Amino acid sequence: MSFTATLTLADGSTEQRLVYELPDLVLPDLHMEPRGRGAKQTTPDYFDAICTLDTETSKQTRDELIGDQTVTVVTGVWIYQWAMSINETLIAGRTADDLISLLQLLVKHYQISEKRRMVIWIHNLAYDASYLLNGLWLAFDGAVDVFATGQRRPVRIELAHGLELRCSYKLTNKSLAAWCVDSAPIRHAKLVGAIDYNVLRTPTTELTQVDWDYMLNDVCCQQDCLRVTLRNELLRTVPMTSTGFVRRQMRNAAREAKGWLRTFRNTLPTAKQYLLMHQAFIGGYTHCNSLAMGIWHDAIGIDGASHYPCMLATEWYPCGKWYWREVYTYKDLKWLIWRKNYATIATITFEGLRLRDFSTWNPYLPYSKAIRCSTGDGDYLLDNGKVIMCRKFTISLCDLDMRIVFEQYQWDRICIHEVMVCKRGPMPAWFLDVMREWYRDKVQLKVGPEGETEEDRIARIRRYSESKALLNSIYGMTATGWTHPMYKFDFGKQEWEVPDNQMTEEAIEKEIEKMRKPWSRQFLRYDTGLYTTAWGRYHLYRAMECFDPEKGGLPLYCDTDSVKGCDCDMEKLEKMNEELRAASDAAGFTICDPSGRPRPIGVFEPDGEYKRFTALHAKCYAYETYDDRLHCTIAGVTSSNGKNGPDRVTKEQELGTLEELQDGKVFRECGGTRSVYIDQAHMVKVGDEIIKSYGGCAILDTTYEIGGVNDLIAMYGLSDPELPYK
């Protein structure tokens, strides 16, 4: 039967809402959204409705003694509560079967088909889908198509050839709580921490007002956020992921740019050249100074603003056709990589590879990117995953990487296997024009004018947030590969199928041939992302040099676009920034903020002063500010234990002091979670109740132990207790 629920609003007030249950459900009348410009006759119609769905789940576990350890074993998972909102109509239920029945009813009532489609948004579809896939397969007679980007990572599930379940998390890359903040002001609030997920609940458990309030607010605030995010969108053209918004605007600009698509198709690489680019692709550089383990005083951090967009705006990129070149000697290769007008990628084997100076704190070569390497005992030595020495090491590198590697390392023998070169120049004008518009909005819309109305303020903040998100998503667009493995769920075996390797020359050649067709939607070179990260690392190394130990500085930690250390050479930093400002001016990316102050893109500026600082390895550091507040960043440790009130424990509280950041430190409250999947349908007995489950995912609290710290100080013999910073 229907019931009335009390929902908490974002301003703290409440509202009464009628909630339907299946037996007396009255579905609302819906209309089709406008077809829009450019819609073809074959383009399907979409119902003009914002529909959201959320489930709440529970699990049954038991502890088993395996050896000398107690292990938590999951014996069953199930849905105990769900809610859906179709525009202003709220619907709720308690079992997975009821939810699947509702989806069947929607298909029948609205006559959903390939030409009459409906979209239902689920935040983190991957989680909810694990509870529903087997049941959906049975209910819809196998008419279930899953589009997944990874194992257990569906982005869209299509039912009955027209009912689409889409992932709003992939659409935004934000948690629901963060999305609500960025979409403010909205009507409803996400009630963070209102319920305890570890309490066992079944479909017959009597739920409290808080339980229903939490559930219904989730679907309502998700609706509010979608109305903001999709206010200028049609459902038939909404991209599947956040990167799709950037790609769409850039694609439109590329199509309007005279001659660009013809140039792009004429300069497509061969499959073998693409594979070499893929091998040479390295991400951001993150490293901890293993020669300076311990706690250091009076440290400072510098950070490059809009680092990757700056690289795209100011540096030169491959812009022509790639050609193979015969290069046999190190001397010829070294000459080639310093030519400004040419980009170079090569595969090289080093024998007897080692650092020139073992006091180098930031070894460059990533062991994980080796094509082939020695793996025997004593054949290699690493620092935070970077190579200190290796008996034999083969890797593909671009010219910017080779400049650093040739300066840092020495070797007994070098063998150059293959080299390709390409002309280099600025990014195309259409690309820079779109990016410049986003950067201008980011700079000029952050602060509003005096006397601004509330309506104008909301519009400005939303446009600012969207432009900032688009600017930050540009790199993700450039780093997208041309081949995409498709993951499928085998309903017969009830398991996910790992796709065959699609990085073969034959598969890549087929993709490249498609791009030569006039109807191809591809428009951006793959090597753009490769050189964006390469330029980012190159500039980061320049920023590291501002903490030069030979001049009294001490670098402690770096990550992609920031460096932390002691005694930064501000004169050297300013000289580097002058060059960055000049490059920003030349590219037209020096924009004045509302106060009239010029804001060049990519300048490195101080972003923090630390009374004490310590780091153990990549993504693991902590510091105290001068107001004696503790901060820490530790990969694998959550920001808090997720509770509210006096039971809330933050990672800083659990760490306690800087001295506690050591190898072996265990986080129990903020240790994060682990996921246990049950892909098969099963029956669960809880007391006298038998629960039918189609599978699911149990999220278990776990502990996190800091490990992997390489104590290289003794090996180097460079520890100096008299250093002034300690």
Side-chain angles (χ1 to χ4, degrees), residues 44 46-47 49-55 84 99 103 112 114 117-137 140 142-176 178-179 218-219 222-223 225-226 229-230 233-251 469-470 472-473 475-491 495-500 502 511 521-522 675 677 679 694-697 699:
Y46 279 83
F47 283 100
I50 298 295
C51 308
T52 56
L53 170 64
D54 190 27
T55 65
M84 181 185 291
L99 174 54
L103 297 177
I112 291 172
E114 289 185 0
R117 292 176 171 263
M118 174 181 280
V119 176
I120 299 174
W121 298 95
I122 301 176
H123 209 69
N124 195 2
L125 174 63
Y127 179 80
D128 296 79
S130 67
Y131 286 86
L132 295 171
L133 274 177
N134 284 307
L136 295 173
W137 176 262
F140 288 94
V144 180
D145 294 319
V146 182
F147 172 70
T149 56
Q151 193 173 7
R152 299 192 178 93
R153 293 292 179 268
V155 176
R156 182 185 68 198
I157 299 173
E158 188 174 302
L159 309 174
H161 309 294
L163 183 60
E164 300 179 18
L165 308 182
R166 294 194 197 176
C167 184
S168 56
Y169 174 75
K170 288 291 186 181
L171 183 74
T172 60
N173 263 346
K174 301 173 185 176
S175 68
L176 185 54
W179 193 15
D218 268 9
V219 293
Q222 184 188 0
Q223 259 190 333
C225 292
L226 282 165
T229 302
L230 306 181
E233 298 285 343
L234 294 172
L235 286 173
R236 68 179 179 84
T237 59
V238 173
M240 292 295 152
T241 65
S242 58
T243 306
F245 290 103
V246 179
R247 185 176 298 278
R248 183 174 60 189
Q249 292 198 38
M250 284 292 187
R251 182 187 293 113
L470 290 167
N472 292 339
S473 297
Y475 165 69
M477 176 192 68
T478 66
T480 303
W482 286 351
T483 58
H484 305 285
M486 299 298 295
Y487 291 77
K488 293 184 178 181
F489 187 74
D490 188 321
F491 289 94
E495 63 183 24
W496 284 90
E497 291 182 347
V498 178
D500 295 334
Q502 296 194 12
E511 290 298 320
R521 293 170 59 83
Q522 188 56 260
S675 299
Y677 286 90
D679 291 323
Y694 293 110
C697 173
I699 299 178

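The structure displayed is predicted, hence computed values, not measured ones.
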- Task: Would you give the length of the straight line joining atom OG of Ser242 to atom CG of Leu470, rounded to the nearest 0.5 angstrom?
- Result: 9.5 Å
- Message: For Thr229 and Trp179, which I'm curious about, is there any donor-acceptor pair between the side chains at under 3.5 Å?
- Response: yes
- Could you tell me which residues satisfy ring-ring contact (aromatic ring centres under 6.0 Å, His included) with Tyr131, sequence neighbours excluded, listed by chain and number? Tyr127
- Residue list, salt bridge (charged side-chain N to carboxylate O under 4.0 Å, His left out) with Lys170, at least two apart or on another chain: none
- Task: Compare all side-chain heavy atoms of Gln222 with those of Leu176 and state whether any distance is below 4.5 angstrom.
- Result: yes
- Spacing of Glu164 atom CD and Ile112 atom CD1 [to the nearest 0.5 Å]: 10.0 Å
- Counterpart residues, salt bridge (charged side-chain N to carboxylate O under 4.0 Å, His left out), relative to Glu233 (two or more places apart): Arg248
- Task: Return yes if some donor-acceptor pair links the side-chain N/O of Asn134 with the main-chain N/O of Tyr694 below 3.5 Å, else return no.
- Result: yes
- Message: Minimum heavy-atom separation for Val246 and Ser473, please, with both atom names.
- Response: CG2-CB, 3.4 Å
- Would you say the side chain of Leu234 lies within less than 4.5 Å of the side chain of Tyr46, judging by non-hydrogen atoms? no
- Query: Taking atom CG of Leu136 and atom CG of Leu99, what is their separation to the nearest 0.5 Å?
  - Reply: 7.5 Å
- When you measure from the side chain of His123 to the backbone N and O of Lys174, does any donor-acceptor pair fall under 3.5 Å? yes
- Message: Suppose we screen for side-chain hydrogen bond (donor to acceptor under 3.5 Å, both in side chains). Which residues come up paired with Thr480, at least two apart in sequence or across chains?
- Response: Arg247
- Message: Can you list everything that forms a side-chain contact (heavy atoms from CB on, under 4.5 Å) with Ala479? Sequence neighbours excluded, please.
- Response: Phe281, Tyr475
- Note on the structure: To the nearest 0.5 Å, atom OG1 of Thr52 lies from atom CG of Asp218 at 9.0 Å
- Message: Can you tell me how the ring of Phe491 sits relative to the ring of Trp137, calling it parallel under 30°, perpendicular over 60° and tilted otherwise?
- Response: parallel
- Item | Heavy-atom closest contact (Cys51 atom, Val119 atom, distance) | CB-O, 3.5 Å
Side chains of residues 145-162: which donor-acceptor partners sit under 3.5 Å, not counting sequence neighbours?
from: Arg152; atom 1: NE; to: Asp679; atom 2: OD1; distance (Å): 3.4
from: Arg152; atom 1: NH2; to: Asp679; atom 2: OD2; distance (Å): 2.7
from: Glu158; atom 1: OE1; to: Arg117; atom 2: NH1; distance (Å): 3.0

- Non-hydrogen side-chain atoms of Leu103 and Ile120 separated by less than 4.5 Å: yes
- Message: Measuring only between side-chain heavy atoms, which start at C-beta, is Leu171 closer than 4.5 Å to Phe245?
- Response: yes
- Item | Asn124 to Asp128 - nearest heavy-atom pair and separation | O-OD1, 3.2 Å
- Note on the structure: Minimal heavy-atom distance between Val238 and Arg166, with the atoms involved, is O-NH1, 3.6 Å
- Message: Distance check, rounded to the nearest 0.5 Å: Trp121 atom CH2 versus Cys167 atom SG?
- Response: 9.0 Å
- Could you state the interatomic distance from CD (Gln223) to CD1 (Ile50), rounded to the nearest 0.5 Å? 7.5 Å
